Amino acid sequence: MAQLYLVRHAKAGERRLWNADDIERPLSKKGWKQAELVGKRLAKHDPSVLLSSAYVRCIQTLEPLGERLDLKVEVDERLTEHEPVEPLLELIREAPKGAVMCSHGDLIPAALQRLKKAGAKIATQPDWRKSSVWVLQRSKHGHIVKATAWPPPVL
């Protein structure tokens, strides 16, 4: 079984108070603390690659993990907010074992709903909060057989 990690970005500044393009909205101070703690936990699981939406808050969520492991955060458009879920499901089937992927609060629930419909066992209560992590267990045939949610780190 291959394990993959699907991370919801950490807390960012409020969307309604941000005047620039939303893609540039960064993490808040609390978000940076969450990113550090998520990175510390994920570092223990031998991540192979760090994939992120192009949104700054997603990239920043994975940066502390990247610094710990000397891995570069790579942008993958399939993780981008407001995009169709099918490309994300393709990424989940194809990503290398140990991939850590950071996305948004619209795509992650949609992906998990589709994975459940396809037969994946959802082993925990769903958790869509910022900086939550879904641990996905993928069979050798590329099917997600089990998904477990880690709650956001306690600050």
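All figures in this text were calculated on a predicted structure; none of them were measured in a lab.
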- Any side-chain heavy-atom pair of Leu88 and Leu79 under 4.5 Å: yes
- Note on the structure: Exactly one candidate in Leu107, Leu91, Ile92 meets side chain to side chain contact (heavy atoms under 4.5 Å, CB included) with Arg78; the answer is Leu91
- Task: If a pair satisfies ring-ring contact (aromatic ring centres under 6.0 Å, His included) and one of its residues is in residues 76-109, list it, with sequence neighbours excluded.
- Result: His9-His104, Tyr55-His104
- Would you please name every residue forming a side-chain contact (heavy atoms from CB on, under 4.5 Å) with Pro153, sequence neighbours left out? Gln34, Leu37, Val38, Ser131
- Item | Nearest atoms (heavy-atom pairs only) where Ala147 meets Trp134 | CB-CE3, 3.8 Å
- Candidate list Arg57, Arg25, Arg8, test salt bridge (Lys or Arg N to Asp or Glu O under 4.0 Å), partner Glu81, passing option: Arg57
- Quickly, which of Leu51, Ile108, Thr61, Ile59 forms a side chain to side chain contact (heavy atoms under 4.5 Å, CB included) with Cys102? Name it, please. Thr61
- Task: Considering non-hydrogen atoms only, spot the tightest contact between Cys58 and Ser103 and give its length.
- Result: SG-O, 3.5 Å
- Query: Checking Arg138 side chain against Arg93 main chain: does a donor-acceptor pair fall under 3.5 Å?
  - Reply: yes
- Task: Can you establish whether the number of heavy atoms outside Lys130 located under 6.0 Å from its atom NZ is more than 12?
- Result: yes
- Message: Show the nearest heavy-atom pair for residues Gln125 and Ala149, with the distance to one decimal.
- Response: O-CB, 3.8 Å
- With Glu77 via salt bridge (Lys or Arg N to Asp or Glu O under 4.0 Å) - residues at least two apart: none
- Message: Please evaluate residues Leu155 and Lys30 with respect to the criterion side chain to side chain contact (heavy atoms under 4.5 Å, CB included), reporting the C-alpha separation (whole Å), side-chain torsions for both, the decisive distance (0.1 Å), and the verdict.
- Response: CA-CA 8 Å; Leu155 299 181; Lys30 186 174 183 178; 3.1 Å; yes
- Summary of side chain to side chain donor-acceptor pair (under 3.5 Å) pairs that have at least one residue in residues 108-124, sequence neighbours excluded: Glu86-Arg114
- Query: Which heavy atom in Lys97 sits nearest to a heavy atom in Leu4, and how many Å separate them?
  - Reply: CA-CD2, 4.3 Å
- Are any of the side-chain heavy atoms of Val7 and Leu42 separated by less than 4.5 Å? yes
- Item | Within-4.5 Å side-chain heavy-atom neighbours: Pro47 and Leu65 | yes
- Item | Test item: Tyr5 and Leu136 side chains (from C-beta on) under 4.5 Å apart, heavy atoms | no
- Within-4.5 Å side-chain heavy-atom neighbours: Trp32 and Pro64: yes
- So, do Leu69 and Leu50 sit near enough that their side-chain heavy atoms are less than 4.5 Å apart? no
- Item | Members besides Val56 in its Ile/Leu/Val/Met/Phe/Trp/Tyr cluster (side-chain heavy atoms under 4.5 Å) | none
- Closest non-hydrogen atom pair, Pro126 against Trp128: CB-CZ2, 3.3 Å
- For Ala110, what residues pass the side-chain contact (heavy atoms from CB on, under 4.5 Å) criterion, not counting sequence neighbours? Val85
- Query: Tracing side-chain links under 4.5 Å among I, L, V, M, F, W and Y, which residues wind up in one group with Val154?
  - Reply: none
- Under the side-chain contact (heavy atoms from CB on, under 4.5 Å) rule, collect the residues that match up with Arg129, sequence neighbours excluded. Asp127, Pro151, Pro152
- Item | All pairs passing side chain to side chain donor-acceptor pair (under 3.5 Å) where residues 62-74 contributes a residue, at least two apart | none
- Message: Please enumerate all residues that pass side-chain contact (heavy atoms from CB on, under 4.5 Å) together with His141, with sequence neighbours excluded.
- Response: Ser139, His143
- Using the rule that two of Ile, Leu, Val, Met, Phe, Trp, Tyr join whenever any of their side-chain heavy atoms come within less than 4.5 Å, decide whether Leu89 and Leu112 are in one cluster. yes
- Not counting sequence neighbours, which residues clear side chain to side chain donor-acceptor pair (under 3.5 Å) with Gln137? List them please. Gln3
- Task: Each residue besides Val145 in its hydrophobic cluster should be listed here, by chain and number; the cluster joins Ile, Leu, Val, Met, Phe, Trp and Tyr at side-chain heavy-atom distances under 4.5 Å.
- Result: Met1
- Message: Testing the basics here: between Ser48 and Leu71, what is the closest heavy-atom pair and its distance to 0.1 Å?
- Response: O-CD2, 4.1 Å
